[in-house]
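Working notes, beginning with the structure itself.
Reminder, nothing fancy here: chain letters follow the sequence lines and each chain counts from 1.
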Amino acid sequence: MIAGRVWRFGDGIDTDVLAPGIYMKKPVEELARHCLEAVDPNFAKNVKPGDVVVAGKNFGLGSSREQAAQALVILGVGAVIAESFARIFYRNALNLGLPALFSDDVAKIKAGDQLSVDPTAGVMRNQTTGAVLACRPIPPHLMDMVSAGGLMPFLKRKFAQGAA
Amino acid sequence: MKMTLVQKIIARAAGKPSVAPGEIVTCKVDLAMIHDSGGPRRVGPRLKELGVKVWDKDRVVVVSDHYVPAVDTESAAILKLTRDWVKEQGITRFYDMKGICHVILPEHGHLAPGLFIAGGDSHSTMGGAYGCYMAGFGATEMTGVLATGETWTVVPETILVRIHGRLARGLSAKDIMLMLCKRIGMENSFKAVEYAGSAVAAMSMQERMVLSNMAAELGCETGLVAPDETTLAAMRAAGRAPDADALSWRGDDGAAYAAIHDVDAADFAPQVAGPHSPDNTLPVDGYAGRRIDQAYIGACVGAKLEDLQMAASVLRGRKVADGVRLLIAPASAKTTAAASADGTLAALTAAGAILLPSGCGACAGLGAGLLAEGEVCISTTNRNFKGRMGANSAEVYLGSPFTVAASALEGRIADPRPYLATAGAP
C-alpha cells in the first residue's frame with residue numbers, strides 16, 4: 001500500500017521538465033533536485049517519501065532518459081497516477097519499481113489531498129474527500145517484475161537461477 | 001491472419017507464425033544500439049551487477065554523440081568511460097564522434113527490412129524508415145536487452161498515414177510531421193505508425209527518416225515505411241546487400257488498422273510549431289514576423305545532407321540578418337564530407353552560418369548553442385519542450401530547414417517559398 005500527499009500536474013508533463021538536459025551529465029541525485037522545477041519550483045524541495053504524483057494525459061512524453069523516472073524514485077515518490085503515460089516512461093518507471101498507474105479518476109484528486117493506492121487491486125482512496133477511486137492495476141505480465149522491485153532484481157534472480 | 005508490417009516483424013522476432021494486436025510477446029533482438037548518454041555509463045555498472053557481458057558483441061552498436069566533443073571534465077569522463085567499456089566488451093561497431101546514432105546506423109549499413117532493433121534513445125523510431133521495427137528503451141531495459149538479447153512488447157495496432165500527391169517547392173517531410181503532431185496528436189502510445197502513399201514513394205530515404213524520426217513525437221512505438229527500390233538502393237550505397245526477400249516486408253492487403261489518415265501533400269503551407277510543444281503547430285503565417293535570436297540547423301531529424309541542401313537553396317548568395325546567429329551542426333562526419341564536396345557548406349558559411357561539431361548538441365540541451373533566458377530560436381530539431389535547449393524561459397519554434405534558413409535571413413520567422421521561387425529545385 002502506498003500513501004502520501006498528492007502533487008498535482010496537468011497534461012503533457014515531458015521528460016525535459018522531469019530530467020532537464022542541462023543537468024543530465026551530473027550525478028542523478030543532483031539532477032533529481034531539479035525534477036519538475038520548470039513547472040513547480042517547490043516540488044523537488046518539498047516532496048516527501050511516499051507522496052504521490054497525479055497528472056493528466058501523456059505523462060513522461062519525450063526522451064528515453066530513464067532519469068525522468070529515476071529522479072522521482074530518488075525523491076521518494078510512491079507512485080505516479082495519470083490519465084495516460086508515454087510508452088518509454090511507463091516502461092522505465094516499472095523497470096525501476098516505480099508504480100505507474102492509469103486512472104480515469106484523476107479529476108477527483110486535488111493537490112495536497114491524502115491519497116492511498118493499492119497498485120495490485122487497482123483501488124485508491126482519497127482520504128481527504130473520502131472518495132474511493134479506481135486505477136488500472138499493473139498488468140499481470142509485469143507484476144512479478146514490479147513486486148521484485150524492478151527489472152534489475154528480477155534479472156538477478158533469473159541469472160541466479162541460470163534461467164537466462 | 002492478415003497482418004500489418006509491424007505485426008509481421010514482431011511475429012518473426014517472436015518465432016511465431018502470426019501475432020495479433022494486444023498480444024504480449026518476447027522478441028529476439030537482431031541489433032541493439034546505445035549511446036554515450038544512456039549507454040555504457042548507465043548499463044555498464046548494471047551489467048557488472050548482473051555479472052554478465054553483452055549477449056552478442058557483434059549485435060551491439062555504440063555511438064558517442066550526446067557529449068561530443070567534451071566541453072568539460074564531466075563530459076570528457078563520460079566519453080572516456082564509453083571508449084573503455086567498448087574495449088572491455090570487445091565491441092567493434094563503435095562510432096566515436098562520427099555523428100548522431102540514428103543517422104550513423106543507416107550510413108554504415110546497420111539497417112535492413114524486417115529486423116527487430118532495440119535502441120537506447122527515443123528517436124530510435126527513425127530506423128523504421130528502412131522497414132524494420134526499431135523502438136526506444138531506457139537504460140535499465142537496455143541492460144536487460146544487452147544481457148539476454150531479448151525484450152517484450154505488447155503487439156501494437158498500426159495507424160496508417162497515407163500521404164498523397166507531391167510536395168510543393170519549399171515543403172518537406174518535416175512540415176508533414178509538424179502538421180501531423182497537431183492533427184493526430186502526440187498521444188499515440190503503444191501504437192505503431194506506418195507511412196504510405198505516392199508522396200512517400202517519391203521521397204528519398206533521408207526524407208522518409210524524418211517521418212519515422214518524428215513518429216516519436218506522435219508518441220508511437222515505431223514509425224515504418226515498407227521497403228521499395230529506394231530503400232534497397234540506399235542499403236547498397238551503405239555497403240549492405242539486401243536479402244533476396246527484402247521487398248516482401250510489407251503489410252497484407254486487408255490488414256486491420258487502428259486508424260487511416262489521408263494527407264494531401266500538395267495542400268498545405270510550411271508548418272511551424274510554437275513553444276513549448278511540437279503539436280503547437282500553425283501554418284507559417286501564424287507565427288511569421290516573430291523576432292528570433294538564433295536559428296539552429298541540427299539534430300538527427302534536421303541536419304542530414306538533404307537538410308543542409310534545403311537550407312543552402314534558401315541561403316545561397318544571401319546573408320543572415322544582423323543580430324541573428326545561424327548555427328549548423330551537420331548530423332554526421334559523412335554529412336559534412338558530402339556537403340563540403342558538393343558546395344553546400346560553402347554556400348552556408350558564405351551566408352554567415354557558424355559550423356558546430358556533429359552531435360546531439362543544443363537539441364538536447366547538452367552541447368554548443370544553448371539559449372539564454374528569454375531568447376527566441378527557430379530550429380530544425382524535433383522537440384521544443386520547456387528548457388530543452390537551455391533556459392526555461394527561452395522560446396523554441398520548430399520548422400523545416402527551408403523555414404529556419406529563411407527566418408535566419410529575415411531575423412524573424414518567415415515563409416521560405418519566396419526565396420525559392422526562382423531558384424532551382426533543392
Side-chain angles (χ1 to χ4, degrees), chain A residues 11-28 34 37-39 41 56-70 83-97 139-142 145 150-156 158-160 163-164, chain B residues 24 37-38 41-42 46 49-52 55 66-67 72 74-75 77-78 119-124 135-144 147-148 150 152 154 156 185-191 216-217 219-221 276-277 279 360 363-366 370 383 385-392:
Chain A
D11 293 341
I13 294 295
D14 63 73
T15 51
D16 284 284
V17 298
L18 286 159
I22 49 174
Y23 303 108
M24 280 287 285
K25 63 188 165 194
K26 306 282 183 194
V28 63
H34 302 279
E37 74 180 358
V39 288
K57 290 180 179 149
N58 215 7
F59 189 91
L61 79 159
S63 166
S64 64
R65 61 186 71 160
E66 186 173 60
Q67 290 92 329
Q70 198 180 4
E83 274 182 81
S84 60
F85 292 91
R87 168 185 161 273
I88 305 178
F89 178 90
Y90 180 73
R91 293 178 71 124
N92 283 345
L94 298 184
N95 285 331
L96 292 171
H141 73 286
L142 296 174
M145 181 187 79
L151 184 59
M152 282 298 292
F154 186 71
L155 283 173
K156 266 186 219 165
K158 201 167 155 179
F159 279 107
Chain B
I24 298 156
S37 183
R41 74 173 173 138
R42 294 184 60 82
R46 290 179 171 87
E49 217 180 311
L50 296 173
V52 296
W55 97 105
H66 275 62
Y67 295 105
D72 52 22
E74 287 162 325
S75 45
I78 292 169
D121 189 275
S122 60
H123 286 111
S124 296
F137 299 88
T140 298
E141 189 130 35
M142 284 310 293
T143 304
T148 65
E150 291 179 350
W152 63 270
V154 180
M186 298 176 67
E187 206 198 334
N188 298 288
S189 299
F190 310 102
K191 291 194 177 73
E217 276 52 64
C220 290
E221 180 162 339
H276 295 285
S277 180
D279 62 356
C360 304
C363 171
L366 304 170
L370 297 189
R383 290 187 180 138
F385 298 132
K386 203 171 190 181
R388 179 169 173 88
M389 285 183 73
N392 283 333

Requested in this report: Please state whether the side chain, the backbone, both or neither of A/F85 comes within less than 4.5 Å of a heavy atom of chain B.
Outcome: backbone
Query - Part of A/I13 lying under 4.5 Å from any heavy atom of chain B - result: neither
Requested in this report: Counting only heavy atoms closer than 4.5 Å, note whether B/W55 contacts chain A via side chain, backbone, both or neither.
Outcome: neither
Requested in this report: Look at A/E37, A/Q67, A/K26 and state which one has the largest set of heavy-atom pairs under 4.5 Å with chain B.
Outcome: A/Q67
**Report entry** Closest non-hydrogen atom pair, B/F190 against B/P156
**Finding:** O-CB, 3.5 Å
Query - Region of B/D279 that comes under 4.5 Å of a non-hydrogen atom in chain A - result: neither
Query raised in the report: Rounded to the nearest 0.5 Å, how far does NZ of A/K156 lie from CG of A/L151?
Result: 11.0 Å
Report task. Identify which part of B/M142 has an atom lying under 4.5 Å from any heavy atom of chain A, answering side chain, backbone, both or neither. Result -> neither
Query raised in the report: Tell me, do B/E141 and A/S64 make a side-chain contact under 4.5 Å, heavy atoms counted?
Result: no
Requested in this report: Hey, could you give me the CZ/CD1 distance between B/R41 and B/I78, rounded to the nearest 0.5 Å?
Outcome: 4.0 Å
Report task. Report yes or no: does A/S63 contribute a side-chain atom to a donor-acceptor pair with the main-chain N or O of A/T15 at less than 3.5 Å? Result -> no
Report task. Give, as side chain, backbone, both or neither, the part of A/I88 having an atom under 4.5 angstrom from any heavy atom of chain B. Result -> side chain
Report summary line: Bottom line for B/R383: the part with an atom under 4.5 Å from chain A's heavy atoms is side chain
Query - Most chain B-contacting option - heavy-atom pairs closer than 4.5 Å, from A/V39, A/I22, A/D11, A/D14 - result: A/D14
Query raised in the report: Rounded to the nearest 0.5 Å, how far does CZ of B/F137 lie from CG of B/D121?
Result: 12.5 Å
Query raised in the report: So, the side chain of B/R42 versus the backbone of B/S37: is there a donor-acceptor pair under 3.5 Å, distance only?
Result: no
Query raised in the report: Taking A/N58 for the side chain and B/M186 for the main chain, is one N or O donor matched with an acceptor at less than 3.5 Å?
Result: yes
Query raised in the report: Quick one: what part of B/A216 sits under 4.5 Å from any heavy atom of chain A, side chain, backbone, both or neither?
Result: neither
**Report entry** Choice from B/D72, B/L366, B/V154 maximising heavy atom contacts with chain A below 4.5 Å
**Finding:** B/D72
